[in-house]
Amino acid sequence: MLKLSTHHLEETLLHFSSENFQKAIDALAISKKIYIYSPGPSEGLGNLIDFRLSRFGLSIHFMPKSGHEIFESLIHLTDQDVVLIFGFVKLHPETKVILKYSQEVGATSIVMTDDF
């Protein structure tokens, strides 16, 4: 298990961009609100980042997993906000809607994925 975990960390480093990571940190730090979309297996990661970022007094809002309730969250999205999406294995159709709308309003989108 330790070897597998080490392998995963090494693989991550091969695809890691310090520049993109810093851009994400900067965007989160200056955002008015941070919307987290972490459906299914990624829900735990969403909860963990909520716990960590809340320590800095950041305004965190979880987005519903699916359905028309997602639109209720999106109507409040502005160009001063960040949408943080966790999407592993495949991106859900809801993710595409969220990304498209985020782009339309000028919000920053950060996607954490295993898709290289």
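In this structure, the side chains of Leu99 and Thr95 come closer than 4.5 Å at one or more pairs of heavy atoms. Counting only heavy atoms from C-beta outward, the side chains of Glu11 and His15 approach each other to under 4.5 Å.
Contacts of Glu19 classified as salt bridge (charged side-chain N to carboxylate O under 4.0 Å, His left out), with partners at least two apart in sequence or in another chain: Lys23. By the side chain to side chain contact (heavy atoms under 4.5 Å, CB included) test, Ser66 pairs with Glu94, sequence neighbours left out. Residues satisfying the side-chain hydrogen bond (donor to acceptor under 3.5 Å, both in side chains) criterion with Asn47, sequence neighbours excluded, are absent altogether. By the ring pair (Phe, Tyr, Trp, His ring centres under 6.0 Å) test, Phe51 is found to be paired with no residue, residues two or more places apart in sequence or in another chain being considered. Take Tyr37 and apply the ring pair (Phe, Tyr, Trp, His ring centres under 6.0 Å) test, not counting sequence neighbours, and it matches no residue.
Considering every non-hydrogen atom in both Ser42 and Pro39, the closest pair reads OG-O, 2.7 Å.
In this structure, Glu43 CD and Leu48 CG are separated by 12.5 Å, a value rounded to the nearest 0.5 Å.
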Donor-acceptor pairs under 3.5 angstrom involving side-chain atoms of residues 72-87: please list them, not counting sequence neighbours.
unit_1 : atom_1 : unit_2 : atom_2 : d
Thr78  : OG1    : Gln80  : N      : 3.1
Thr78  : OG1    : Asp81  : OD2    : 3.1
Asp81  : OD1    : Lys33  : N      : 3.1
Asp81  : OD2    : Thr78  : N      : 2.8

Side-chain donor-acceptor contacts of residues 54-65 below 3.5 Å, not counting sequence neighbours, with atom names and distances?
unit_1 : atom_1 : unit_2 : atom_2 : d
Ser54  : OG     : Asp50  : O      : 2.7
Ser54  : OG     : Asp50  : OD1    : 3.1
Ser59  : OG     : His61  : NE2    : 3.1

Acceptor/donor pairs from residues 24-32 side chains to any protein atom, 3.5 angstrom cut, sequence neighbours excluded:
unit_1 : atom_1 : unit_2 : atom_2 : d
Asp26  : OD1    : Gln22  : NE2    : 2.9
Ser31  : OG     : Leu28  : O      : 2.9

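Applying the side-chain hydrogen bond (donor to acceptor under 3.5 Å, both in side chains) test to residues at least two apart or on different chains, none of the pairs has a partner in residues 96-112.
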